[in-house]
**Student:** 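Take this structure first; my questions come after.
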Amino acid sequence: MESTSDATSQDERQWGMFLHLSLLAGFVIPFGGLIAPIVIWQMKKAEYASIDAHGKIVLNWIISGFIYGTVFLILSFLLIGIPLLFALGIISIVYSIVGGIKANNGEIWRYPGSLTLIK
């Protein structure tokens with residue numbers, strides 16, 4: 001049988017994983033990848049200490065992805081932005097999955113290339 005601290009730790013890790021994986025909701029539901037992570041972060045950050053760190057990482061990636069996407073969209077008029085937009089979509093999927101796996105292992109992983117705007 002698990003002790004209470006192990007169960008809490010497991011819950012905390014699972015919520016961290018859900019927070020990262022909720023970014024994928026944006027590929028299915030419009031604005032789902034924006035709303036779901038923010039809702040999870042705001043609901044659970046007071047309950048679990050690491051969720052605040054995971055939430056800031058995910059929000060920084062959302063903002064960074066928006067900035068990168070806007071620049072790449074402008075560059076698509078020069079045709080170089082089209083493969084960059086495709087790469088940004090793939091990277092967003094990979095980062096959310098890797099972040100979710102690491103969160104489930106109890107690690108806090110910052111997305112490479114993410115701007116640190118929220119500290």
Side-chain angles (χ1 to χ4, degrees):
M1 183 170 173
E2 282 185 289
S3 71
T4 306
S5 64
D6 289 341
T8 301
S9 177
Q10 179 61 28
D11 285 346
E12 186 172 0
R13 291 193 316 254
Q14 281 183 337
W15 278 109
M17 179 185 69
F18 295 148
L19 181 60
H20 287 278
L21 294 179
S22 67
L23 283 170
L24 298 174
F27 291 100
V28 180
I29 302 166
F31 299 105
L34 172 67
I35 296 168
I38 292 172
V39 168
I40 292 170
W41 176 37
Q42 292 302 313
M43 285 178 25
K44 295 295 181 178
K45 72 179 184 179
E47 189 175 344
Y48 301 116
S50 70
I51 297 299
D52 191 38
H54 288 293
K56 289 176 184 176
I57 290 168
V58 169
L59 189 57
N60 279 325
W61 177 249
I62 291 170
I63 295 168
S64 299
F66 179 76
I67 292 169
Y68 294 147
T70 302
V71 171
F72 296 163
L73 186 64
I74 293 168
L75 288 175
S76 67
F77 294 112
L78 302 174
L79 299 179
I80 193 166
I82 295 169
L84 292 174
L85 281 169
F86 181 73
L88 180 63
I90 298 296
I91 288 171
S92 294
I93 293 169
V94 170
Y95 281 1
S96 63
I97 292 170
V98 171
I101 290 169
K102 290 198 178 270
N104 198 34
N105 291 334
E107 302 172 43
I108 294 178
W109 181 68
R110 302 198 187 285
Y111 297 4
S114 180
L115 306 171
T116 307
L117 302 171
I118 308 228
K119 297 179 183 183

**Student:** As an exercise, state the distance from CD1 of Ile118 to CG of Leu59, rounded to the nearest 0.5 Å.
**Tutor:**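 One gets 4.0 Å once the value is rounded to the nearest 0.5 Å.
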**Student:** Please tell me whether His20 and Tyr111 form a close aromatic pair, meaning their ring centres lie under 6.0 Å apart.
**Tutor:**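 His20 vs Tyr111: aromatic centres under 6.0 Å.
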**Student:** Give a yes or no on this: more than 12 heavy atoms of other residues, nucleotides or ligands lie within 6.0 Å of atom CZ of Phe86.
**Tutor:**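 No, not enclosed.
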**Student:** Within the 4.5 Å heavy-atom criterion, are Ser92 and Trp61 side-chain neighbours or not?
**Tutor:**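 Yes, side chains in contact.
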**Student:** Between Ile57 and Phe66, is there shared hydrophobic-cluster membership here, with clusters defined by ILVMFWY side-chain heavy atoms closer than 4.5 Å?
**Tutor:**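 Different hydrophobic clusters.
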**Student:** Are Ile74 and Leu88 grouped together when hydrophobic residues (ILVMFWY) are joined by side-chain heavy atoms under 4.5 angstrom apart?
**Tutor:**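 No, because Ile74 and Leu88 fall into different hydrophobic clusters, even though each may have its own neighbours under 4.5 Å.
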**Student:** Looking at CD1 of Ile82 and CZ of Phe77, how far apart are the two atoms once the value is rounded to the nearest 0.5 Å?
**Tutor:**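 Those atoms lie 9.5 Å apart.
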**Student:** Say you draw a straight line from CD of Glu47 to CG of Asp52; how long is it, rounded to the nearest 0.5 Å?
**Tutor:**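 It is 13.0 Å, given to the nearest 0.5 Å.
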**Student:** Just verifying a value: how many Å separate Ser22 OG and Trp15 CH2, rounded to the nearest 0.5 Å?
**Tutor:**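 It comes to 10.0 Å.
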**Student:** Applying a strict under-4.5 Å side-chain criterion to I, L, V, M, F, W and Y, I'd like to know whether Leu79 and Val71 cluster together.
**Tutor:**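 Result: no, two separate clusters.
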**Student:** Please check if atom CG in Leu78 has more than 12 non-hydrogen atoms from other residues, nucleotides or ligands closer than 6.0 Å.
**Tutor:**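 Count over threshold, so yes.
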**Student:** Please round to the nearest 0.5 Å and tell me the distance separating atom CG of Leu21 and atom OG of Ser96.
**Tutor:**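 Reported value, rounded in 0.5 Å steps: 6.0 Å.
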**Student:** Can you check whether Pro112 reaches Trp109 side chain to side chain, under 4.5 Å on heavy atoms?
**Tutor:**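 Yes. Closest side-chain heavy atoms under 4.5 Å.
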**Student:** Can you check whether Thr70 reaches Ile67 side chain to side chain, under 4.5 Å on heavy atoms?
**Tutor:**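 A side-chain contact under 4.5 Å is absent here.
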**Student:** Please tell me if the side chains of Leu115 and Asn60 come closer than 4.5 Å, counting only heavy atoms from C-beta onward.
**Tutor:**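 Leu115 does not reach Asn60 side chain to side chain.
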**Student:** Once you round to the nearest 0.5 Å, how far does NE2 of His54 lie from CG of Leu19?
**Tutor:**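 Between His54 NE2 and Leu19 CG, I get 7.5 Å after rounding to 0.5 Å.
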**Student:** Of Ile91, Ile97, Val98, Ile93, which is the lone residue that meets side-chain contact (heavy atoms from CB on, under 4.5 Å) with Tyr95?
**Tutor:**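 Option passing the side-chain contact (heavy atoms from CB on, under 4.5 Å) with Tyr95: Ile91.
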**Student:** Between Arg13 and Ser9, does any side-chain donor sit less than 3.5 Å from a side-chain acceptor?
**Tutor:**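 Yes.
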**Student:** Please answer whether the main-chain N or O of Ser50 pairs with a side-chain N or O of Glu12 as donor and acceptor at a distance below 3.5 Å.
**Tutor:**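 Here the side-chain-to-backbone pair exists.
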**Student:** Look at the side chain of Ser76 and the backbone N and O of Leu73, then say whether any donor-acceptor pair between them is shorter than 3.5 Å.
**Tutor:**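 Pair found, side chain donor or acceptor close to backbone of Leu73.
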**Student:** What about Val94 and Ile108, same hydrophobic cluster or not, with Ile/Leu/Val/Met/Phe/Trp/Tyr joined at side-chain heavy-atom distances under 4.5 Å?
**Tutor:**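 Yes, Val94 and Ile108 fall within the same hydrophobic cluster.
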**Student:** What residues, two or more places apart in sequence or in another chain, satisfy ring-ring contact (aromatic ring centres under 6.0 Å, His included) together with Trp41?
**Tutor:**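 Partners of Trp41 under the ring-ring contact (aromatic ring centres under 6.0 Å, His included) test: none.
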**Student:** Let me check something: do Phe18 and Val28 share a hydrophobic cluster, defined by ILVMFWY side-chain heavy atoms less than 4.5 Å apart, either directly or through other members?
**Tutor:**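 No, no single cluster joins them.
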**Student:** Does the side chain of Ile62 reach to within under 4.5 Å of the side chain of Leu23, using non-hydrogen atoms?
**Tutor:**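 They are in side-chain contact.
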**Student:** How far apart are the closest heavy atoms of Gly69 and Leu85, and which atoms are they?
**Tutor:**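 Between these two residues, the closest heavy atoms are O-CD2, 3.7 Å.
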**Student:** With a 4.5 Å heavy-atom cut-off, do Lys56 and Ile51 have their side chains touching?
**Tutor:**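 No, side chains not in contact.
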